[in-house]
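What follows is a short report on a single structure.
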Number of protein chains: 2
Amino acid sequence: MVERKKASRAGVTTTPSEGRPEKRLFHEYLRRKGLKRTAQRDLILETFLESEKHITSEALYRKVRERDPSVGFATVYRTLKLLTECGIARSMQLGDRYTHYEQGFDKQHHDHLICIECGGITEFFSQQLENIQAEVVRRHGFRMVDHSLRIWGVCRMCQRRRAS
Amino acid sequence: MVERKKASRAGVTTTPSEGRPEKRLFHEYLRRKGLKRTAQRDLILETFLESEKHITSEALYRKVRERDPSVGFATVYRTLKLLTECGIARSMQLGDRYTHYEQGFDKQHHDHLICIECGGITEFFSQQLENIQAEVVRRHGFRMVDHSLRIWGVCRMCQRRRAS
DNA sequence: CTGGCTGCAAAGCATTTGCATGACA
DNA sequence: TGTCATGCAAATGCTTTGCAGCCAG
């Protein structure tokens, strides 16, 4: 971390994490909880922010190891838990055996289309859907705390690939 | 299975499984696949059919053991897999660490309200919801294969219990 | 008879935890 | 200078699998 403006590595097409509000938020969260800011936690957050929108703990662990091979997976899991607690990450089950994480700070609720061929994940939001859900919940006298709609199928690209 | 109209055991308030089409379906499925009909498989299916609508593999295992303590959990898992394959059971993740199973034969698709206090599960169906989902999928060029909407919250009863 | 089935124990696998060492505040 | 964090390895907990003997067809 000495060079400034270091050339982006081959194939890294992700968002830079410079000045992201998540960093400040995380450090504040740590302070508030009497926890400590460490190089590992910073590295894990940074790697998470610069990753694709949806990532598994395992994949994040591998990415982190590329930058610092000494980091253990326990630390990644523990940090991911912290990130989830303070709203920077959101965890979800997509049907495989992994827990997936997505960036959750400052993002409105949304649902997911999951391609069973390529594993690709498409986010979508429908206010109509939200309204009807709220109505269903109300009708049953529930107090809603969370909800998750997942739709599995074959995406446009994979349908084409199949046809050919 | 000798006595007819045998008195229901104390506390068992479940549906009798006599003459349920699932049995015939299961036996046909086994035959078609060249698999064998065994006492354990019959017992597990019967116990499943007489259980509450939603049950975990673990709970089913315990219920089966009450009737025949010699049954191993591997057999329960293996049978549950068969039942799922032939559409008698449907598996789902409700947010805890267990796989839950519900009776799936001859039942239309539906969604779930899950109470985070008592663990109770309420089924609901909304054609509007289905329509909007289909529209979203269409708009994204997906071919839908499955979908699952889960809503977590506090049910009416638990809200009252809390208030008091 | 013979291939499938069973129960047991062991293995798998993602995730969590215990512990001795190391680092932040 | 005392927590809190880390990395390692072991433990968890649900689920699956290997295997030797057993049973249905």
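Quick note: numbers below take in every heavy atom, side chains included, and nothing from hydrogens, waters or symmetry partners. Order of the sequence lines fixes the chain letters, A, B, ..., with proteins taken first and strands second; residue numbering starts at 1 for each chain.
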Closest of D/dG7, D/dC14, D/dA24 to the A/V71 side chain is D/dG7
Roughly, in whole Å, what's the span from OH in B/Y77 to C1' in D/dG13? 9 Å
Presence of A/S57 side-chain N/O under 4.0 Å of C/dT15 phosphate oxygens OP1/OP2: yes
Without decimals, in angstroms, what is the distance between B/D42 CG and C/dC5 P? 13 Å
Length of the line joining B/R78:CZ and D/dC14:P, which is rounded to integer Å: 18 Å
Below the 4.0 Å mark, does D/dT15 have OP1 or OP2 next to a side-chain nitrogen or oxygen of B/T99? yes
Could you state the atom-to-atom distance from CZ of B/R31 to C1' of D/dA24 in whole Å? 14 Å
Quickly work out the B/R41 CZ to C/dG7 C1' distance and round it to whole Å. 14 Å
Between A/Q40 and C/dA23, is there a side-chain N or O to OP1/OP2 distance below 4.0 Å? no
What is the separation between atom OH on B/Y61 and atom P on C/dT6, rounded to the nearest whole Å? 14 Å
Check whether B/H54 reaches the backbone of B/E52 with its side chain - one donor and one acceptor, N or O, closer than 3.5 Å. no
Between B/N131 and B/E135, do the side chains contain a donor N or O and an acceptor N or O under 3.5 Å apart? no
Atom NZ of B/K36 to atom P of C/dC5: distance rounded to whole Å? 7 Å
The residue, B/Q93 or B/T38, whose nearest nucleotide of DNA chain D is more 5′ is B/Q93
For the side chain of B/Q159 and the backbone of B/V154, is there at least one donor-acceptor N/O pair under 3.5 Å apart? yes
Would you sort out whether B/E46 and B/K23 count as a salt bridge (charged side-chain N to carboxylate O under 4.0 Å, His left out), showing the intermediate values? CA-CA 8 Å; B/E46 206 158 303; B/K23 296 193 178 181; 3.3 Å; yes
If you look at every strand shown and take non-hydrogen atoms under 4.0 Å, does A/Y98 touch a base, only sugar-phosphate, or nothing? sugar-phosphate
DNA chain D nearest-nucleotide lookup for B/E58 and B/R37: closer to the 5′ end is B/E58
Please list all pairs meeting side-chain hydrogen bond (donor to acceptor under 3.5 Å, both in side chains) that have one or both residues in residues 24-33 of chain B, counting only residues at least two apart or in different chains. B/H27-B/R37, B/H27-B/D42, B/Y29-B/E85
Side-chain contact check for B/R97: nearest option of D/dC4, D/dT17, D/dC14 is D/dC14
Between B/L35 (CG) and C/dG3 (P), how many Å, whole number? 15 Å
